Each structure stands twice: as structure tokens, then as C-alpha cells.
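These numbers were taken from a predicted model, which means no experiment stands behind them.
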Amino acid sequence: MKVKIEASGVGKRFRRRLGAEEVEAMAGLELNVYQGELLCLLGPNGCGKTTLLNLLAGFDTPTAGSISLDGCPVRMPGPEAVMIQQEYGLFPWRTVRGNVELGLELARVPAARRRRLALELIALVGLNEAVDRYPRELSGGMQQRVALARALAVEPQVLFMDEPFGALDAMTRHKMQAELIRLWREKEMTIIFVTHDFNEALLLADRVAVMTPRPGRIKEIITINQPRPRNLLSPEAAQAREAIHRALVEGIMTSNPKEPA
Ligand SMILES: Nc1ncnc2c1ncn2[C@@H]1O[C@H](COP(=O)(O)OP(=O)(O)OP(=O)(O)O)[C@@H](O)[C@H]1O
Ligand SMILES: [Mg+2]
């Protein structure tokens with residue numbers, strides 16, 4: 001298996017304001033992400049999951065260690081790796097089509113081709129009827145689909161998703177999870193997906209990386225060997241759930257309690 005992203009000895013310190021004490025968000029983090037895998041990232045609030053995505057995507061730089069994509073150091077965000085945030089990040093003054101075309105505009109794709117590609121993607125995520133609607137006219141699930149279509153428009157090799165389905169109701173969430181698996185297979189992307197939901201991780205992931213509390217590092221990686229669609233009531237799922245739970249608890253018990261949050 002080819003390593004797509006390699007994080008080695010990664011540390012990150014933040015200074016909240018000038019003169020204030022530094023916060024150590026991450027220390028000695030080691031992680032290899034394989035090409036084409038769907039890796040779920042799970043860990044307690046404030047352990048550094050969003051920070052890690054930002055570092056891997058090149059939005060921020062580590063204060064220690066190194067991060068590479070396809071063997072090259074990551075220095076800035078590029079079209080090969082795209083992030084989807086929890087609040088969708090849509091532009092309210094642009095229609096669905098306008099939002100999906102955004103990345104293509106930045107890449108200077110000619111208008112006719114841009115339009116055709118955008119319509120294809122909108123169909124792919126099932127939003128045909130909403131092409132000319134504005135984000136405020138869409139439900140959370142539909143906005144999430146727009147964000148997905150917009151991310152896919154630039155044909156990224158890597159997709160970072162930060163609790164993307166956290167705000168959706170159970171049924172919509174279930175639909176989006178199935179949709180994501182379908183798109184992931186079709187586009188052969190590498191996906192790093194942050195979630196707090198054990199079931200979501202068990203449904204989606206090839207591997208689940210469990211982080212320790214701050215300063216975050218990878219405590220354990222649990223491989224999910226079940227074929228998809230997954231049965232969450234199977235003995236295999238119960239075993240994986242147990243392993244994730246154990247890694248989380250162990251991480252919390254052995255973390256350094258003297259650092260304030
Ligand atoms: N820009 C910043 N400036 C200062 N501190 C920051 C900054 N970004 C993150 N931190 C701190 O780094 C730590 C990790 O934050 P991060 O947002 O990565 O956690 P998280 O795992 O994504 O949490 P959650 O599950 O709540 O989303 C926290 O203590 C946070 O306060
Ligand atoms: Mg976060």
C-alpha cells in the first residue's frame with residue numbers, strides 16, 4: 001500500500017495572544033495515511049483533530065516535525081487536497097451552481113466547461129432541482145451536498161472532512177454516509193474524516209485513528225476489516241467498538257492532567 005500522507009514527529013504550539021503562555025496542541029504525532037483509504041479520526045474535544053487537518057492540508061505549519069504528501073513537504077494548500085468544514089463554508093450570495101463553480105473559476109476553467117462540470121456534479125450529489133437556489137433556501141443536508149460537490153469539482157486526490165455530518169438528523173446523516181462511500185469509491189480518493197460518533201466511524205472507516213487528549217498524538221489505530229455495507233450489530237463491529245473505546249479511555253487516563261484546557 002502506498003503512503004499518501006506522512007506526518008512524522010508533528011508538534012504544534014499556539015500562542016493565544018502576544019505575551020500569553022503557549023498552548024501545546026500536539027506533540028510527537030506520527031501518522032501514515034495510505035492512498036485510497038478512508039481514515040476516521042476520533043478523539044476528545046480539544047485534542048487537536050481540527051488542528052491536525054489544518055496542518056495536513058497546509059493551512060497551518062507545524063512547530064515541530066514534518067508532513068508530506070506523495071513524499072513532498074506540504075507547505076501551502078493546493079488543489080490536490082480539499083477541506084470540507086462543519087459549517088459548509090458556502091457563499092450565501094451564490095446559487096448552488098455558483099458555489100459549485102467557485103473552485104473551477106479559481107482554476108480558470110472556461111465558463112462553458114465550468115457550467116457543464118458543475119451540473120454534472122450537482123446531479124451526482126442529487127441536487128438537480130436546487131441548481132438555482134441559494135444556500136438559505138436549502139436544508140443542512142442539502143448544503144452539505146453542495147459543499148461536497150464544490151470540493152469534488154477540483155478533483156482532489158485527498159478530501160479532509162471535519163465532522164461534516166455532525167449537524168444532520170439521523171436519517172439525513174445515514175443517507176450522506178452512504179453517498180460518501182459511493183463517491184469515495186467512484187473517485188478513488190483518500191479521505192480523512194473527523195467524527196465523534198463511534199457508529200459513524202464503524203460504518204465508514206478502513207481504519208480508525210484514536211487521538212489522546214491535548215497535546216494530541218495518535219494513541220492507537222484500529223483496522224475495520226468488515227466488508228461494506230457494514231452491520232453495526234455484528235460481533236466484528238462490537239469488537240472494533242470495544243477497541244476504540246479502550247483506546248480513548250486509556251488515552252484519557254494516561255494524559256498529562258496538569259495542563260489547563
Ligand atoms: N488558532 C489557535 N490559537 C490558539 N489555540 C488554538 C488555536 N487553534 C486551536 N487551539 C487550541 O488547540 C487545541 C486543539 O484544538 P482543535 O480545535 O484542534 O481541537 P479538536 O480536537 O478539533 O476539538 P473539537 O472536538 O472540539 O472540534 C485546543 O486546546 C485549542 O484551544
Ligand atoms: Mg475540531
Side-chain angles (χ1 to χ4, degrees), residues 14 16 40-41 45-46 48-60 76-184 186-187 189 191-197 200 204:
F14 289 109
R16 275 190 236 267
C40 279
L41 199 58
N45 284 127
K49 301 180 294 297
T50 300
T51 302
L52 179 59
L53 289 195
N54 283 333
L55 294 173
L56 297 179
F59 292 118
D60 205 348
M76 57 179 108
E80 61 282 342
V82 169
M83 176 96 77
I84 298 186
Q85 271 121 0
Q86 182 167 4
E87 326 74 53
Y88 320 126
L90 302 179
F91 288 116
W93 60 87
R94 282 182 168 229
T95 62
V96 167
R97 187 162 64 79
N99 268 288
V100 175
E101 283 193 22
L102 184 76
L104 301 168
E105 281 173 37
L106 297 176
R108 293 168 195 240
V109 175
R113 187 172 142 70
R114 216 160 63 207
R115 188 183 174 110
R116 188 170 53 73
L117 281 172
L119 292 177
E120 261 174 46
L121 283 161
I122 290 165
L124 190 70
V125 297
L127 282 179
N128 274 336
E129 315 89 273
V131 173
D132 295 317
R133 287 208 236 157
Y134 289 89
R136 64 173 179 277
E137 303 171 300
L138 307 175
S139 69
M142 292 167 90
Q143 291 188 48
Q144 189 53 254
R145 282 164 200 262
V146 180
L148 202 53
R150 188 174 68 180
L152 295 176
V154 294
E155 299 192 351
Q157 298 163 30
V158 183
L159 200 56
F160 297 104
M161 305 181 81
D162 197 354
E163 296 185 54
F165 307 149
L168 306 180
D169 71 73
M171 279 313 294
T172 310
R173 188 173 190 155
H174 197 73
K175 255 166 84 180
M176 291 300 294
Q177 288 163 343
E179 195 99 321
L180 181 69
I181 292 292
R182 183 174 67 80
L183 292 168
W184 167 63
E186 190 176 317
K187 306 281 179 190
M189 293 174 288
I191 299 183
I192 295 115
F193 187 106
V194 173
T195 181
H196 283 291
D197 182 342
E200 186 161 70
L204 295 178

Identify each donor-acceptor pair in which a side-chain atom of residues 127-137 lies under 3.5 Å from a protein atom, sequence neighbours left out, and give them as a table.
{"from": "Arg133", "atom 1": "NH1", "to": "Glu137", "atom 2": "O", "distance (Å)": "3.2"}
{"from": "Glu137", "atom 1": "OE1", "to": "Tyr134", "atom 2": "N", "distance (Å)": "2.6"}

What distance do His174 atom NE2 and Leu168 atom CG have between them, rounded to the nearest 0.5 Å?
13.0 Å

Check whether any side-chain heavy atom of Leu180 sits under 4.5 Å from a side-chain heavy atom of Phe193, and report yes or no.
yes

Rounded to the nearest 0.5 Å, what's the gap from NZ on Lys175 to CZ on Arg145? Could you check?
5.5 Å

Any chance you could measure Asp197, atom CG, to Phe165, atom CZ, to the nearest 0.5 Å?
11.5 Å

Closest heavy-atom pair and its distance - Ala151, Pro156
O-CD, 3.2 Å

Smallest separation among heavy atoms of Leu204 and Cys40, with atom names:
CB-SG, 4.3 Å

Those residues at least two apart in sequence (or on a different chain) that pass side-chain hydrogen bond (donor to acceptor under 3.5 Å, both in side chains) with Thr51 are none

Looking only at heavy atoms, which two atoms of Gln143 and Leu138 are closest? And how far apart?
NE2-O, 3.3 Å

Within the structure provided, determine whether Leu152 and Met189 are in side-chain contact (heavy-atom separation under 4.5 Å).
yes

Using a strict threshold of under 4.0 Å (side-chain N to carboxylate O), is an ion pair present between Lys49 and Glu163?
no

Thr172 meets the side-chain hydrogen bond (donor to acceptor under 3.5 Å, both in side chains) criterion, sequence neighbours left out, with Asp169

Between Ala153 and Leu104, what is the shortest heavy-atom contact and its length?
O-CD2, 3.4 Å

Locate the shortest heavy-atom distance separating Met176 from Gly141; write the atom from each residue and the value.
SD-O, 4.1 Å

Going by salt bridge (Lys or Arg N to Asp or Glu O under 4.0 Å), name the pairs with one or both residues in residues 149-158, residues two or more places apart or in two chains.
none

Suppose the criterion is ring-ring contact (aromatic ring centres under 6.0 Å, His included): which pairs have a residue in residues 91-118, not counting sequence neighbours?
Phe91-Trp93

Do you know the tightest heavy-atom contact between Ile84 and Gln144?
CG2-OE1, 3.4 Å

Supply the atom-to-atom distance Leu52 CG to Ile192 CD1, rounded to the nearest 0.5 angstrom.
8.5 Å

Just wondering, do Leu148 and Met161 contact through their side chains at under 4.5 Å, heavy atoms?
yes

Under 3.5 Å donor-acceptor pairs involving side-chain atoms of residues 106-126, not counting sequence neighbours:
{"from": "Arg114", "atom 1": "NE", "to": "Glu101", "atom 2": "OE1", "distance (Å)": "3.1"}
{"from": "Arg114", "atom 1": "NH1", "to": "Val109", "atom 2": "O", "distance (Å)": "3.3"}
{"from": "Arg116", "atom 1": "NH1", "to": "Glu120", "atom 2": "OE2", "distance (Å)": "3.3"}

Return yes if some donor-acceptor pair links the side-chain N/O of Asn99 with the main-chain N/O of Arg94 below 3.5 Å, else return no.
yes

Rounded distance [0.5 Å steps], CD in Gln177 versus CZ in Arg182
14.5 Å

So OG1 of Thr95 and CG of Leu90: to nearest 0.5 Å the spacing works out to 11.0 Å

